Amino acid sequence: SEWSDIMAVYIKKAKLTKPLPTPISLHVTQFSSRLRDSDNCVVAIKFFGDVLKKLEYIPDDNPKYIPTDILSSKKCSKVKEEKMVFIIAPL
């Protein structure tokens with residue numbers, strides 16, 4: 001999918017250790033010019049986990065390797081500033 005392809009580019013640019021030490025938590029923050037429900041990030045975190053698996057950063061995206069997903073939404077002042085930020089943290 002287009003989302004997966006975009007995420008793969010940014011994951012590769014991040015130059016993460018491969019494989020990642022697991023388990024990890026994924027935290028996704030959606031910055032939007034209008035405040036949105038944080039559950040809008042669910043699809044993004046799904047694609048992100050799939051891409052981490054596809055690129056062999058993690059063996060699988062099941063709860064054994066990603067037991068914690070944190071979703072949040074924050075307001076930014078301009079549409080140009082809208083983005084999603086993904087943070088990978090060891091548990």
Side-chain angles (χ1 to χ4, degrees):
S1 77
E2 186 177 342
W3 272 66
S4 297
D5 294 342
I6 291 168
M7 288 180 179
V9 167
Y10 283 98
I11 289 170
K12 289 175 184 176
K13 282 184 181 181
K15 298 183 180 174
L16 302 171
T17 302
K18 195 182 214 181
L20 291 170
T22 56
I24 60 172
S25 70
L26 290 179
H27 183 171
V28 60
T29 303
Q30 174 181 253
F31 291 87
S32 180
S33 57
R34 61 184 182 90
L35 201 54
R36 302 177 189 268
D37 297 341
S38 60
D39 63 358
N40 289 332
C41 303
V42 170
V43 172
I45 214 161
K46 164 69 176 132
F47 283 117
F48 196 77
D50 290 347
V51 173
L52 286 176
K53 177 184 173 187
K54 181 180 177 182
L55 296 177
E56 300 178 344
Y57 285 97
I58 56 174
D60 201 349
D61 61 342
N62 68 39
K64 177 179 177 184
Y65 301 101
I66 309 174
T68 306
D69 297 318
I70 302 164
L71 310 172
S72 61
S73 186
K74 295 187 178 181
K75 191 166 177 13
C76 62
S77 58
K78 300 175 189 167
V79 172
K80 278 179 125 178
E81 297 171 347
E82 291 183 336
K83 62 185 173 184
M84 286 192 152
V85 175
F86 294 82
I87 297 173
I88 300 168
L91 288 178

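Note that the structure is a prediction, hence the values are computed from the model and not measured. Hydrogens, waters and symmetry mates play no part in the numbers below; they use all other heavy atoms, side chains included.
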Side-chain heavy atoms under 4.5 angstrom apart, residues restricted to Ile, Leu, Val, Met, Phe, Trp, Tyr: same cluster for L91 and V28? no
Do the side chains of F47 and I6 get nearer than 4.5 Å, heavy atoms only? no
Is the count of non-hydrogen atoms from other residues, nucleotides or ligands lying under 6.0 Å from K18 atom NZ greater than 12? yes
M84 versus A44, closest heavy-atom pair with distance: SD-CB, 3.5 Å
How many angstroms lie between NE2 in H27 and CD1 in I88, if you round to the nearest 0.5 Å? 13.0 Å
By salt bridge (Lys or Arg N to Asp or Glu O under 4.0 Å), which residues pair with K75, not counting sequence neighbours? none
Quick check: do S73 and D37 have side-chain heavy atoms less than 4.5 Å from each other? no
Calculate, to the nearest 0.5 Å, the distance between atoms CD1 and CD1 belonging to I24 and I58 respectively. 5.0 Å
Under a 4.5 Å cut-off applied to non-hydrogen side-chain atoms, are E82 and R36 in contact? yes
Sorted by chain and residue number, the ring-ring contact (aromatic ring centres under 6.0 Å, His included) partners of Y57 (sequence neighbours excluded) come out as none
In the single-linkage hydrophobic clustering (I, L, V, M, F, W, Y; side-chain heavy atoms under 4.5 Å), do M7 and V85 co-cluster? no
Kindly indicate whether the side chain of L71, heavy atoms from C-beta on, has any atom under 4.5 Å from the side chain of V42. yes
If hydrophobic clusters are built by linking Ile, Leu, Val, Met, Phe, Trp and Tyr wherever their side-chain heavy atoms come under 4.5 Å apart, do V79 and F31 end up in the same one? no
Would L26 and Y10 show up in the same hydrophobic cluster when neighbours are defined by side-chain heavy atoms closer than 4.5 Å? no
Taking C-beta and beyond as the side chain, do F48 and I11 meet within less than 4.5 Å on heavy atoms? yes
Cluster check I45, W3: I/L/V/M/F/W/Y, side chain < 4.5 angstrom: yes
As an exercise, state the distance from OH of Y65 to NZ of K53, rounded to the nearest 0.5 Å. 10.0 Å
Suppose we screen for salt bridge (Lys or Arg N to Asp or Glu O under 4.0 Å). Which residues come up paired with D50, at least two apart in sequence or across chains? K46
Quick check for you: to the nearest 0.5 Å, what is the distance between D61 atom CG and T22 atom OG1? 12.5 Å
Separation of I87 CD1 from T29 OG1 (nearest 0.5 Å): 5.5 Å
